Protein chains: 2
Amino acid sequence: MGLSKSEVFSEADNRMADLAKAFAHPARVAILRLLAQRKACVCGDLVDELPLSQATVSQHLKELKRIGIIQGSIDPPRVCYCINEQVWEEAEEAFGGVFALFSKVGCC
Amino acid sequence: MGLSKSEVFSEADNRMADLAKAFAHPARVAILRLLAQRKACVCGDLVDELPLSQATVSQHLKELKRIGIIQGSIDPPRVCYCINEQVWEEAEEAFGGVFALFSKVGCC
DNA sequence: ATTTTGCATCGCAATATTACGATGATATAT
DNA sequence: ATATATCATCGTAATATTGCGATGCAAAAT
């Protein structure tokens, strides 16, 4: 079908999947790296740093905003994006929690 | 277009995106949680735990194998899946590295 | 008032993903 | 040999994602 049956999974798994989507495309990884290091903030600077059109970058920024991991504050005519600290830490803890589940005791 | 221009991004960003894809669907998160906790290992048990058809689960397992984060060993007629420790740690370090980039000093 | 700047959104095209029934493959059990 | 059990793959359908040109919109500058 193409639609992920999100209603049959736990809230935690759905949120985790959404947070992972923020990192599931190289352009978004690049954007998040830049913002985390504060090497760029204004949308135009991000476009300059990335090998993608302005429209495409804007779309990735929209997706990151939807997830909540970044936020934008307007400074006309510019828009300055930055990491949303709370969601960033939520993601850090979510991944940390899953990675911590694994205990290395061979099974197969 | 629909094809991610992976050739224009760094190896690191592409790999990071691939590792994130392992967690970018609730079913795969559920599978990885189960395997990390070793609550299930045989494919059939995973199918029992998940609200998806056997074919769909098998497809997610294939994707996880492609990324390398799990591996399967045949035990006819069963197949036992488990976390690939090396790739699991690679992912842990990759995410840890990105999360560590962020230093909270408000910019906008 | 018109132009320019910076960014969002629309519309389109192409590819990718998700899901499942049906079928195939393989090895054990009868 | 046939049946059963387990899992992979094929084929198909529906939806999602990726990318970009063109356009829209708001505020500043001229």
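Throughout, a chain's letter reflects where its sequence line sits, starting with A, and its residues are numbered from 1. No experiment lies behind these values; they were computed from the predicted model shown.
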Exercise. Between D/dT18 atom C1' and A/Arg28 atom CZ, what is the distance in whole Å?
Worked result: 9 Å
Problem set entry | Donor-acceptor contact present, side-chain A/Asn14 to main-chain A/Ser6, <3.5 Å | yes
Exercise. Does any N or O in the side chain of A/Arg28 come within less than 3.5 Å of the main-chain N or O of A/Leu64, such that one atom is a donor and the other an acceptor?
Worked result: no
Which protein N or O atoms sit under 3.5 Å from an N or O of nucleotides 8-11 of chain C?
residue: C/dA8; atom: OP1; partner: A/Tyr81; partner atom: OH; Å: 2.1
residue: C/dA8; atom: OP2; partner: A/Ser58; partner atom: OG; Å: 2.6
residue: C/dA8; atom: N7; partner: A/Gln54; partner atom: NE2; Å: 2.9
residue: C/dA8; atom: N6; partner: A/Gln54; partner atom: OE1; Å: 3.2

For this session: Please tell me which of the listed nucleotides, D/dG19, D/dA5, C/dC7, lies nearest to the side chain of B/Pro77?
Result: D/dA5
Exercise. Reckon A/Val42 touches a base, only the sugar-phosphate, or nothing at all at heavy-atom distances under 4.0 Å?
Worked result: sugar-phosphate
For this session: Begin from the C-alpha positions of B/Leu34 and B/Tyr81 and carry the test side-chain contact (heavy atoms from CB on, under 4.5 Å) through to its verdict.
Result: CA-CA 10 Å; B/Leu34 287 168; B/Tyr81 284 102; over 6 Å; no
For this session: Verify the cluster assignment for B/Leu61 and B/Val87: are they in a single hydrophobic cluster under the rule of side-chain heavy atoms below 4.5 Å apart?
Result: yes
For this session: Determine, for cysteines A/Cys41 and A/Cys80, whether their SG atoms are under 2.5 angstrom apart.
Result: yes
Exercise. Can you tell me how far P of D/dA16 sits from NZ of A/Lys21, to the nearest Å?
Worked result: 9 Å
Exercise. Rounded to the nearest Å, what distance is computed from the CG atom of residue A/Asp75 to the C1' atom of nucleotide D/dA27?
Worked result: 11 Å
For this session: From the options D/dT17, D/dT6, C/dC20, select the nucleotide whose nearest atom is closest to the side chain of B/Arg78.
Result: D/dT6
Seminar exercise, completed: A/Leu52 atom CG is separated from D/dG21 atom P, nearest whole Å, by 11 Å
Problem set entry | Length of the CG-P vector between B/Asp13 and D/dT18, whole Å | 15 Å
Problem set entry | Length of the CG-P vector between B/Leu50 and C/dA19, whole Å | 11 Å
Exercise. Can you say whether the rings of B/Trp88 and A/Phe99 are parallel (under 30°), tilted (30 to 60°) or perpendicular (over 60°)?
Worked result: perpendicular
Exercise. Taking atom P of D/dC7 as reference, at what distance in whole Å does atom CD1 of B/Ile74 sit?
Worked result: 12 Å
Problem set entry | Separation of atom NE2 in A/His60 from atom C1' in D/dT17, rounded to whole Å | 9 Å
For this session: Return the 5'-most residue of the pair A/Ser4, A/Val47 with respect to DNA chain C, ranking by each residue's nearest nucleotide.
Result: A/Val47
Problem set entry | Closest to side chain of B/Leu3, choosing from D/dC20, C/dT15, C/dC20 | C/dT15
Indicate every side-chain donor-acceptor pair of residues 44-51 of chain B with a distance under 3.5 Å to a residue at least two apart or in another chain.
none

Problem set entry | Whichever of A/Ser6 and A/Gly44 has its nearest DNA chain C nucleotide further upstream toward 5' | A/Gly44
